[in-house]
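Step one of this worksheet: look at the structure below.
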4 protein chains.
Amino acid sequence: MVVVVRTTKRLPRAERERQMMDAAVQVFGRRGYRGASMDEVAELAGVSKPLVYLYLKSKEDLFTACIRREAQALTRAVRAGVRRDLPPDRQLWEGLRAFFRHTADHPDGWTVLHVQARTHGEPFAAEVAALRAELVSFVTQLTVVAARAAHRDPDLPEREVAGLAEALVGAAESLAAWANATEGVCAREAAATLMNFAWAGLDNLMAGRPWTPPADQD
Amino acid sequence: MVVVVRTTKRLPRAERERQMMDAAVQVFGRRGYRGASMDEVAELAGVSKPLVYLYLKSKEDLFTACIRREAQALTRAVRAGVRRDLPPDRQLWEGLRAFFRHTADHPDGWTVLHVQARTHGEPFAAEVAALRAELVSFVTQLTVVAARAAHRDPDLPEREVAGLAEALVGAAESLAAWANATEGVCAREAAATLMNFAWAGLDNLMAGRPWTPPADQD
Amino acid sequence: MVVVVRTTKRLPRAERERQMMDAAVQVFGRRGYRGASMDEVAELAGVSKPLVYLYLKSKEDLFTACIRREAQALTRAVRAGVRRDLPPDRQLWEGLRAFFRHTADHPDGWTVLHVQARTHGEPFAAEVAALRAELVSFVTQLTVVAARAAHRDPDLPEREVAGLAEALVGAAESLAAWANATEGVCAREAAATLMNFAWAGLDNLMAGRPWTPPADQD
Amino acid sequence: MVVVVRTTKRLPRAERERQMMDAAVQVFGRRGYRGASMDEVAELAGVSKPLVYLYLKSKEDLFTACIRREAQALTRAVRAGVRRDLPPDRQLWEGLRAFFRHTADHPDGWTVLHVQARTHGEPFAAEVAALRAELVSFVTQLTVVAARAAHRDPDLPEREVAGLAEALVGAAESLAAWANATEGVCAREAAATLMNFAWAGLDNLMAGRPWTPPADQD
DNA sequence: CATGAATGAGGGTTCATTCAT
DNA sequence: CATGAATGAACCCTCATTCAT
């Protein structure tokens, strides 16, 4: 079969859309929603502007699509990073590592989720809220299971557990942005900092009794 | 409750500037730097656009002035909320409460500081860096003092302290939003949750050894 | 009856650019650089303002482009009007006629070159300097050739030649305006007057020895 | 009688107006009519803006007043520089010298007259036309008288004399602007260049027979 | 008088978005 | 499909000009 390769390759729609969204995430992440121009997105994606509109409808829709995609990728990465047969602290540790690894590998995507999406009215905030809910539920489950497994009833009302989970996720989010922006901070270090903070508490940290991350192979 | 008083009166410059900056903080906080329009700022302030320019020079200068003012107000509030003669955990507790109180009372100001100011390069970085340094220094001091008081050496490198501060702020932010959105959770409870999270650590919490907030009268 | 033809047709870029520059020369010539508004240019060109910016980048670039185009047109017209095999006085005569003809046919272009372009520093200076150099070089060549042909050394320093060119242009401009305003004076007569003024000098004129314009057919 | 001298001196109106117009001529000359701002004029004059409006009504009126004043000053200077008992070529020479001296001493005023006033519609152009008419009439008279005095009837129709006068004045105007803009060209040199050009003609110049300026004491 | 306070109107520029080819 | 041509709507900023004190 002979295939004539034109300089302007015809790609299947899904592939083209992926290219555009890759470009869009980069541009939105670096310039912000308002600062991003559809011209730049189109150019970076290597397609013409009308094509972007044909496939993705509008700037707002494009942004929403980016958020949704990046949020899914992140939750998937976190879930995939955890092995349910380990003890709770190891599970949390691995979840955090997966989280920080992913945000470090996709800094623009993370910026879009963490910084840009929150600055722009309802439609975008809803997407991000869903992401956060997902993560919070993950942590909550972990905590409750951990308590039960240890036959300790912390006597924490469900509401307080939810609050703690919120706090942890918020801390993780902030730390991820900070780690991305700060030279020389690797994902592992960020995870360890937060793990220590969350697990042992400041008091234990200061007492020289940090939580000890397990030795593993990455 | 905000009442818009259509004062057509001539006001002294200082007062008008305050009005304009109040409006600007609101608009910048809700729309972001790029999304904010000087027209909206002027209208919200109840003045004409040229007056905004006459007094505050440019959008950039206006934004810088807002950041500076809000940063000062916040650090002042936190410092004022802390009594240096108390033990470290009480100091942290009070600092957090003051922080929560202030950011809850000035949500747009806090958004400007935390979200908007970081998204926009060079010109504003200096102002935000100063605020961050101030807060980090506060936490650092607290930690070091606490360690000395307990004759322990926390041996935390400066970078780790910055990371902890970052995590704390993220957790606080997350909790504040959660407290707002969840029925029946007051700010005080949010502060206690965070304090527990930060001070005692999850492990202690689950073991039924939470940090106990002191009884006080607000 | 004048019918405004609302050509909604799409034109190739080159043609649209020409239309825009035609309009721009008119507006710049009549209102000056500062007084000209891009709105007026766009309207006169029959296009929307963004298109002007898309093609010509900025007001400054548009002005520069106008100067360059008009300068080229003028120098080309003068050079085309002169036959190098004639004696110097005939050459000057023909150059002047071509100059008068062209500036009379493109009054706004001439205004842009002579009046507007000089009022605005740096960016345009280069273009205007090039035009001036071109014209001065024309006069200089003429003078030198004439002198050599007569085995005489005019010994005029370069600066003086520039001054003479300046005086010539000023006189020409003045005469053109006068010819326009005075009933019954045609362009040819204006040219003859200037030629007399320039070539023979007042003294010779008063002594009844004017330079005699050749009989030609236009 | 005790007079309290305030830091803000009260000057008679005429004096204040002079100050404002001095400032205005400077600003208009340097920035052009559109580029000049009333703020700058007021500041340079050392008065408040409303005072400028109180005394001079509007920007347009201020500009007109400047033109009128500068035009009067120039014609007065030229007339004052000429002694009617000298031979015509000396009279022309002295007139030119006075003209170039004055324009060199008041470059901003001259720019206002020569460049700025012509770029802005009817009302201003009329003032400048009056100035030019005055100068042309001066030169015309001179030429006619000179011819009669020399008992030479050049047989020039009145109209041609007018044309020559126009040419001379135009040349002078252009040269004055050029002399002001060109480093190292003094008023005397400009006058000599023009005198040579006008009196002897290019042909004589090239033949090494220039008109000889008389030795005088300035 | 003299001044600080205040604004209507407009100008340069950009951008998301749509057609005709 | 892909693209060059084209625009409505806004946005930042400035300026001549006027009041109230």
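Because the structure is a prediction, the values reported are computed rather than measured. Because only heavy atoms are used, hydrogens play no part in the values below, and waters and symmetry mates are left out as well, while side chains stay in. Chain A is the first sequence line, chain B the second, and so forth, proteins listed ahead of strands; every chain is numbered from 1.
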(message) Please compare A:Lys57 and D:Val47 by the position of their nearest nucleotide in DNA chain E and report the one closer to 5'.
(response) D:Val47
(message) Rounded to whole Å, please give me the gap between CG in A:Leu51 and P in E:dT17.
(response) 15 Å
(request) Nearest-nucleotide wise, let me know which of B:Pro12 and C:Ser58 is further upstream toward the 5' end of DNA chain E. (result) B:Pro12
(request) Please report, rounded to the nearest Å, how far the P atom of E:dC15 is from the CD atom of A:Glu40. (result) 10 Å
(request) Mind listing the closest non-hydrogen atom pair of D:Tyr55 and D:Glu17 along with its distance? (result) O-OE2, 3.8 Å
(request) Mind listing the residues from residues 30-37 of chain B sitting with a heavy atom below 4.0 Å of DNA chain E? Number order is fine. (result) none
(message) Quick check: do B:Leu51 and B:Leu54 have side-chain heavy atoms less than 4.5 Å from each other?
(response) yes
(request) Heavy atoms only: give me the nearest D:Ala42-D:Val52 pair and the separation to one decimal. (result) CB-CG2, 4.0 Å
(message) Tell me which pairs pass salt bridge (charged side-chain N to carboxylate O under 4.0 Å, His left out) where either residue lies in residues 43-65 of chain B, with sequence neighbours left out.
(response) B:Asp39-B:Lys49
(request) In whole angstrom, give the distance that lies between atom CG of A:Asp39 and atom C1' of E:dA16. (result) 9 Å
(request) Check C:Ser37 against C:Val27 and note the closest heavy-atom contact, atom names and distance. (result) N-CG1, 4.3 Å
(request) Measure from the side chain of A:Tyr53, starting at C-beta and using heavy atoms only, and say which of F:dT17, F:dA6, E:dA16 lies closest. (result) E:dA16
(message) Classify C:Leu11 by what it touches in the nucleic acid, base, sugar-phosphate, or nothing, heavy-atom distance under 4.0 Å.
(response) sugar-phosphate
(request) Could you tell me the separation between the CG atom of D:Leu54 and the C1' atom of E:dT3, rounded to a whole number of Å? (result) 12 Å
(request) Please check the phosphate of F:dA2 (OP1 and OP2 only) for any side-chain N or O of A:Ser48 closer than 4.0 Å. (result) no
(request) Side chain of C:Arg10 only, please: which of E:dT13, F:dG4, F:dA6 is the nearest? (result) F:dG4
(request) Kindly point out which of F:dA5, F:dT17, F:dT3 is positioned nearest to the side chain of A:Pro50? (result) F:dT3
(message) Just the rounded figure in Å: distance from P of E:dA20 to CZ of C:Arg16.
(response) 15 Å
(message) Could you tell me how far apart B:Glu17 (CD) and E:dG4 (P) are, to the nearest whole angstrom?
(response) 15 Å
(message) Show the nearest heavy-atom pair for residues B:Leu131 and B:Leu113, with the distance to one decimal.
(response) CD2-CD1, 3.8 Å
(request) Test for a donor-acceptor pair under 3.5 Å between the base of E:dT3 and the side chain of D:Lys49, counting only N and O atoms. (result) no
(message) Looking only at the side chain of B:Tyr55 (C-beta and beyond, no hydrogens), which of the listed nucleotides F:dA5, E:dA6, E:dT17 gets closest?
(response) E:dA6
(message) Could you spell out the base pairing of DNA chain F as a dot-bracket line? Use Watson-Crick and G-U wobble contacts where both distances are under 3.5 Å, [ ] for crossing pairs, | for partners on a different strand.
(response) .||||||||||||||||||||
(request) Could you please name the option among E:dA16, E:dG12, F:dC19 that lies closest to any side-chain atom of A:Met38? (result) E:dA16
(request) Might you confirm whether atom CZ of D:Arg118 has over 12 heavy atoms from other residues, nucleotides or ligands at distances under 6.0 Å? (result) yes
(message) What I'd like to find out is whether the side chain of A:Asp108 reaches to under 4.5 Å of the side chain of A:Phe28, using heavy atoms alone.
(response) no
(message) Could you tell me if C:Arg69 and C:Gln72 have a donor-acceptor pair between their side chains, going purely by distance under 3.5 Å?
(response) no
(request) Specify the closest pair of heavy atoms between D:Ala45 and D:Met20, including all atoms of both residues, with the distance to one decimal. (result) CB-CA, 3.9 Å
(request) Starting at atom CG of D:Leu56, determine the distance to atom P of F:dA16, rounded to an integer number of angstrom. (result) 14 Å
(message) Rounded to whole Å, how long is the line connecting atom CD of B:Glu15 with atom P of E:dG4?
(response) 19 Å
